[in-house]
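Here the structure is a predicted model, which is why all the values come from computation and not from measurement. Lettering follows sequence order; numbering is per chain, from 1.
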Protein chains: 2
Amino acid sequence: MTEMHKILDGENETKINIFRVAAKLFAEKGYNGVSMREISEMSKVSKPTIYYYFGSKEGVFKELVNFGLHYGSAQAKQIAALDIPVKQRLVKIIQSRFRISFEHPDFSKFFLMVFVTSENLPFLDEFKKQANIHRQLLVDLIQEGVDSGEFGAGANPQLASEIIGAVMGHFIGKQLKIKKKFLTSDLAEEIVELLFKGLNE
Amino acid sequence: MTEMHKILDGENETKINIFRVAAKLFAEKGYNGVSMREISEMSKVSKPTIYYYFGSKEGVFKELVNFGLHYGSAQAKQIAALDIPVKQRLVKIIQSRFRISFEHPDFSKFFLMVFVTSENLPFLDEFKKQANIHRQLLVDLIQEGVDSGEFGAGANPQLASEIIGAVMGHFIGKQLKIKKKFLTSDLAEEIVELLFKGLNE
DNA sequence: TTTCCTCTACCTACCGGTAAGTAATCAGCG
DNA sequence: CGCTGATTACTTACCGGTAGGTAGAGGAAA
């Protein structure tokens, strides 16, 4: 049983299957690009079965979002609390994200899509709030590095965290588009290294 | 007459209006989230008028993409050819992008959406090819900086250009979501400065 | 017998796209 | 100059098809 199944445990097998299929389809074609008929055909159940479990198309989508919110934030929080240099924690957080995107490409792709198009969907306010809380985690982490003297005093935590977030998102997005694996632990280190040292060195 | 109108010159006023409305709607809701009825109502023409000018929904979208490709690449190429330090050219390219996104938010939003969306539309292969050519411009620029000794020899041009591209996209996307202007020329400098010096300083 | 799950059959609203027609402009000819 | 036939720039009315969603029946398990 995968880690993901643990979270989804207690749920009906049919429901989990619909869940996975929907994640994949939404990730590929966006919310409006996917029809309930499509989901039902690919999960080999009838349309009303999906309505029985999720209530509506929006319901399927929201449940997927909540799952991702729950699944993704736990690990980052854990790493942020470790007693190692901030820089190493940053590397670990990025590595963790890279790993998740490799182990669950469909869900990751879905979630990245939600991130990127969140303004388009009118029912994602709760998601936006959660995403901001999660972003703040990075800001606090870098602030900690500045306060402790690990980073230069001139570093702007707000700006730096946005840059790290953007870069992380970019590489995960790139990985999810191609087949060949390039998102290694080493790359995570290289990225952090480059952001620390800058292009000058 | 704006710069944009110059490019669209020779085109009928009605067509330009449909063009603008479509850009805004597509940017807000994605390709599949917008209907031809919606475009026609907002541009105050009948639906067949849109078909008269663009042939199909896909036609509207593609023409928008081609316009953006043409409009966006010209300035970057010009800047890349200037006889000033690479770092300054990078700043200028980012500033130029910031300015475009400020002057034409609807078109920029549309274009960013096309770049970033995972609503992966089956008719955008040509666009992807063009986008890659454009990406290469940044790689070459940084390579030039490494060759001339302006950047450290250890800098990885491929990685660095991806990071710069990702960060640029992130900030433009952020600006387009909020009303208050924060995408200044100074911020462009600050970003490049941070990427050069790194968090260490 | 009730509860849970899943189905077939169907709804209304809207989709992208088109057929057919028309008002206005314009070029060329007598 | 006035007439004519073509062209441009649109319109109304409609098409077949598909969207999200539902009513209600059937079957299995308890």
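- Between the side chains of A:Asn132 and A:Arg135, at least one donor N or O lies within less than 3.5 Å of an accepting N or O.
- When each of A:Tyr52 and A:Pro48 is assigned the nucleotide of DNA chain C bearing its nearest heavy atom, the one mapping closer to the 5' terminus is A:Tyr52.
- Taking atom OH on A:Tyr53 and atom C1' on C:dC4, their separation rounds to 8 Å, with Å as the unit.
- In this model, the phosphate group of D:dA9 is approached by a side-chain N or O of B:Asn12 to a distance below 4.0 Å at OP1 or OP2.
- You won't find any donor-acceptor pair under 3.5 Å spanning the side chain of A:Lys57 and the base of D:dG21, going by distance alone.
- Rounded to a whole Å, the CE atom of A:Met36 is 19 Å from the C1' atom of D:dG17.
- Aromatic ring centres of B:Phe19 and B:Tyr53 lie farther apart than the 6.0 Å criterion allows.
- In this entry the distance linking CZ of A:Arg37 with P of D:dG20 reads 9 Å, nearest Å.
- Side-chain rings of A:Phe110 and A:Phe61 approach one another, their centers coming within less than 6.0 Å.
- Remark: C1' of C:dC15 and CD1 of B:Ile39 are 12 Å apart, rounded to the nearest angstrom.
- Going from atom OH of A:Tyr51 over to atom P of C:dC11 covers 17 Å, rounded to whole Å.
- B:Asn32 has its CG atom 12 Å from the C1' atom of D:dA19, to the nearest Å.
- Rounded to whole Å, the distance from CG on B:Leu25 to P on C:dG16 is 12 Å.
- The only member of A:Glu150, A:Glu144, A:Glu193 that meets salt bridge (Lys or Arg N to Asp or Glu O under 4.0 Å) when paired with A:Lys87 is A:Glu193.
- In this structure, the nucleotide among D:dG21, D:dC10, C:dG17 sitting nearest to the side chain of B:Lys47 is C:dG17.
- In summary, the side chains of B:Asp140 and B:Gln136 do present a donor paired with an acceptor at a separation below 3.5 Å, with no hydrogens or angles considered.
- At C:dG16, none of the side-chain N or O atoms of B:Ser56 fall inside 4.0 Å of OP1 or OP2 (strictly under the cut-off).
- As judged by a 4.0 angstrom heavy-atom cut-off over every strand, A:Ser35 is placed among residues touching the sugar-phosphate backbone only.
- Distances shown here put every side-chain N or O of B:Ser46 at or beyond 4.0 Å from the OP1 or OP2 atom of D:dT12.
- Here the C1' atom of nucleotide C:dT6 and the CD1 atom of A:Ile18 are 10 Å apart, to the nearest Å.
- Looking at heavy-atom distances under 4.0 Å, B:Val60 makes no contact with the nucleic acid at all.
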